[in-house]
J.: 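Here it is: the structure, laid out below.
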Amino acid sequence: MDFKGSDTIPGPRSEDHLPHTAQAAVKIVIVGGFGVGKTTMVGSVSEIRPLTTEETMTQAGIGVDDNYGSDSKTATTVAMDFGRISITDELVLYLFGTPGQERFWFLWNGLFEGALGAVVLIDTRRLEVSFDVMGRLEERGVPFVVAVNSFPDAPSYPIEELRTALDLPPDVPIVECDARRRASSRDVLMTLMRFLHSLAMSGALT
Amino acid sequence: MTPPQRKRRRSRPDVPPPPPPPSTPPTPESGEDGDNKNPERLYVISGADGARAELDLVTLIVARAAPPPSVTPEQAALLRLCLAPLSVAELSAYLNLPFSAMTALITELITAELVQARAPIVRQALPDRSLLEAVMHGLQRL
Ligand SMILES: Nc1nc2c(ncn2[C@@H]2O[C@H](COP(=O)(O)OP(=O)(O)OP(=O)(O)O)[C@@H](O)[C@H]2O)c(=O)[nH]1
Ligand SMILES: [Mg+2]
C-alpha cells in the first residue's frame, strides 16, 4: 500500500489491531523515579510491542543555552511508553509508563485523573527517587500500590520497615516484583486491582 | 541500614490543577526528521490549535468510512489505521505525531464525521465493581 510520507513509521501488525467489538478502554499508570523499571514492566505484560507517545513542550530559555540567539526557547520532547492488554472483546486495558517528573503530567489530558489507579515502582537503593511521585498521587487522590523492583545488589528491607519509611497506611499493598518477568508484573497489577476492589467494597458500605 | 524517610501528603482534591505552561504544536523549525515537508500537514497541525476535543489517551477511534478523495494524505493515513479501533495513544505512536497534534487531527475528522470516538471508562468516586472484576479476570488469563 502507498502510505505517503509514512514509510519510515512501522505500522501496526495485523495482531496489533483491536477487534471491532472493542467498546471502551481503561488505563493504569506505572510511575516511579528515574530508572526504577517502568518501561521494563510495561514491556513485560503488554500484548503489543511497547509504543511511545510524545509531546513537545516549549519553555522560555533561562539564558544558559544561548547558542541559537537571544530569543532562546527550549523545546523539550517528553516521551511516555505504553502497552496494552485486551481484557475482553469489548474492554481494553492500557498501561502507561509515566515520566517521574510531575511537571510533565499535564501534557496528557486526564492521564492521572482518569486512571483506575497507579503502580509506584521503587528501587530500595534509591527509595527517595519515588517519594515525590507518591506525594503527588496522594494529593490527587489516585489510589496506588507499591512494587519493590528487585535489583540484585539492592538492600532488602522487611515490608513493614518499608511501610514505615514510606509512611504508608496499613491497607496500601507493598509487594516485591521482578519487572522483567511477565507473571511477576501481572501479579503486581492483580494486587492493584484487588486493592481497588476492596476500596470499592468499603466505599459501598459507608 | 535505615531507609530514607518519607512524609505522607494529605489529599487535596479541591486544589485546582496547576495552569499548564505554554505548550505549542510543532513548528516547521522544530521538525528535525524531515516529515514536515508536506504543507497540508503543517496546515492541519497549526490550524487546529485551540479546537481540541476532549480526547483521552485511551479514547478509541474507529473510521466510519473509507477515506474520501478530499482528505489530506495524513488524514487518509489515520483513516486507514483505524479501520479497526485504535486508541489515540496508539495512533500518536504509529503516525509519529505528538499527542496534541494527534488530538487536533482527530477532532477535525470527528467534525467531518469520518471517525467515531469511543470514550474511555474513567475512575469514579465509587468505582464500578463489575468493571474491576472484569479486569481481574482478564489479567488472570494473561
Ligand atoms: N535486575 C533487575 N533489573 C531490572 C528490573 N527492572 C528493570 N531492570 C533494569 O533496570 C534498568 C532500567 O529499567 P527501565 O525499565 O528502563 O526503567 P525506567 O523506569 O523506565 O527508566 P526511565 O524511563 O529512564 O526513568 C534497565 O537496564 C532494566 O533492564 C528488575 O526487576 N530486575
Ligand atoms: Mg522508561
Side-chain angles (χ1 to χ4, degrees), chain A residues 3-6 9 11-12 17-20 22-27 45 51-59 75 82 85 87-88 91 93-94 106-111 114-116 124 127-128 131 134-135 138-139 141 155 157 161-162 165-167 186 189-190 193 196-197 199-200 203-204, chain B residues 1 3-13 15 17-18 20-24 26 30 35 38 41 54-58 60 73-74 77 80-81 84-87 89-90 92-96 98-100 118-123 126-127 129 131-140 142:
Chain A
F3 270 72
K4 194 179 173 192
S6 66
I9 302 156
H17 283 286
L18 288 168
H20 281 275
Q23 281 308 321
V26 291
K27 58 184 185 268
V45 286
L51 296 171
T52 305
T53 175
E54 293 189 342
E55 193 50 280
T56 309
M57 60 187 251
T58 311
Q59 359 181 244
F82 65 97
I85 299 170
I87 299 296
T88 64
L91 183 65
L93 167 66
Y94 286 91
F106 71 88
L107 288 172
W108 290 278
N109 254 349
L111 174 60
L116 293 180
T124 55
L127 264 192
E128 62 289 349
F131 282 3
M134 281 186 229
E138 284 163 350
E139 284 173 4
Y157 300 110
E161 193 174 333
L162 277 177
L166 298 174
D167 194 18
R186 192 262 324 267
L189 297 177
M190 280 299 282
M193 296 315 298
L196 297 177
H197 195 263
L199 292 179
Chain B
M1 204 174 95
Q5 180 64 47
R6 186 182 83 99
K7 184 92 185 65
R8 195 186 313 167
R9 291 190 209 167
R10 312 265 309 277
S11 170
R12 296 185 319 200
V15 173
S23 118
T24 53
S30 73
D35 54 13
N38 183 341
R41 171 176 169 155
E54 281 303 308
L55 290 169
D56 190 277
L57 279 163
V58 302
L60 299 179
E74 189 156 55
R80 283 191 216 103
L81 267 180
L86 278 180
S87 65
E90 282 163 301
S92 150
Y94 289 130
L95 291 172
N96 207 6
F99 179 62
S100 54
R118 300 179 180 172
I121 304 173
V122 301
R123 187 177 76 251
L126 189 60
R129 268 182 281 158
L131 170 75
L132 298 174
E133 282 156 16
V135 174
M136 285 194 265
H137 285 133
L139 287 173
Q140 243 143 18
L142 206 67

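A note on names: the letters A, B, ... follow the listed sequences, proteins ahead of strands, and every chain is numbered from 1.
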J.: Between CE of Met193(A) and NE2 of His137(B), what distance do you get to the nearest 0.5 Å?
T.: 11.5 Å
J.: Tell me, side chain or backbone of Pro12(A) under 4.5 Å from chain B's heavy atoms, or both, or neither?
T.: both
J.: Could you check whether any side-chain heavy atom of Lys7(B) comes within less than 4.5 Å of a side-chain heavy atom of Phe131(A), counting everything from C-beta outward?
T.: no
J.: Flag the pair Glu54(A) / Ser92(B) as yes when at least one side-chain heavy-atom distance between them is below 4.5 Å, and no otherwise.
T.: no
J.: Between Arg186(A) (side chain) and Leu142(B) (backbone), is there a donor-acceptor pair under 3.5 Å?
T.: yes
J.: Find out whether Gln5(B) and Leu166(A) are in side-chain contact, i.e. whether some heavy atom of one side chain is under 4.5 Å from a heavy atom of the other.
T.: no
J.: Check whether Ala89(B) gets within reach of chain A through its side chain, its backbone, both or neither, counting any heavy atom under 4.5 Å.
T.: both
J.: Would you please test Glu90(B) and Thr53(A) for side chain to side chain contact (heavy atoms under 4.5 Å, CB included) and show each step?
T.: CA-CA 8 Å; Glu90(B) 282 163 301; Thr53(A) 175; over 6 Å; no
J.: Looking at CD1 of Ile87(A) and CG of Leu139(B), how far apart are the two atoms once the value is rounded to the nearest 0.5 Å?
T.: 5.0 Å
J.: Using 0.5 Å steps for rounding, measure from the CZ atom of Arg6(B) to the CD atom of Glu128(A).
T.: 13.0 Å
J.: For a 4.5 angstrom cut-off between non-hydrogen side-chain atoms, does Glu138(A) reach Arg10(B)?
T.: no
J.: Between Leu91(A) and chain B, which part of the residue has a heavy atom less than 4.5 Å away: side chain, backbone, both or neither?
T.: side chain
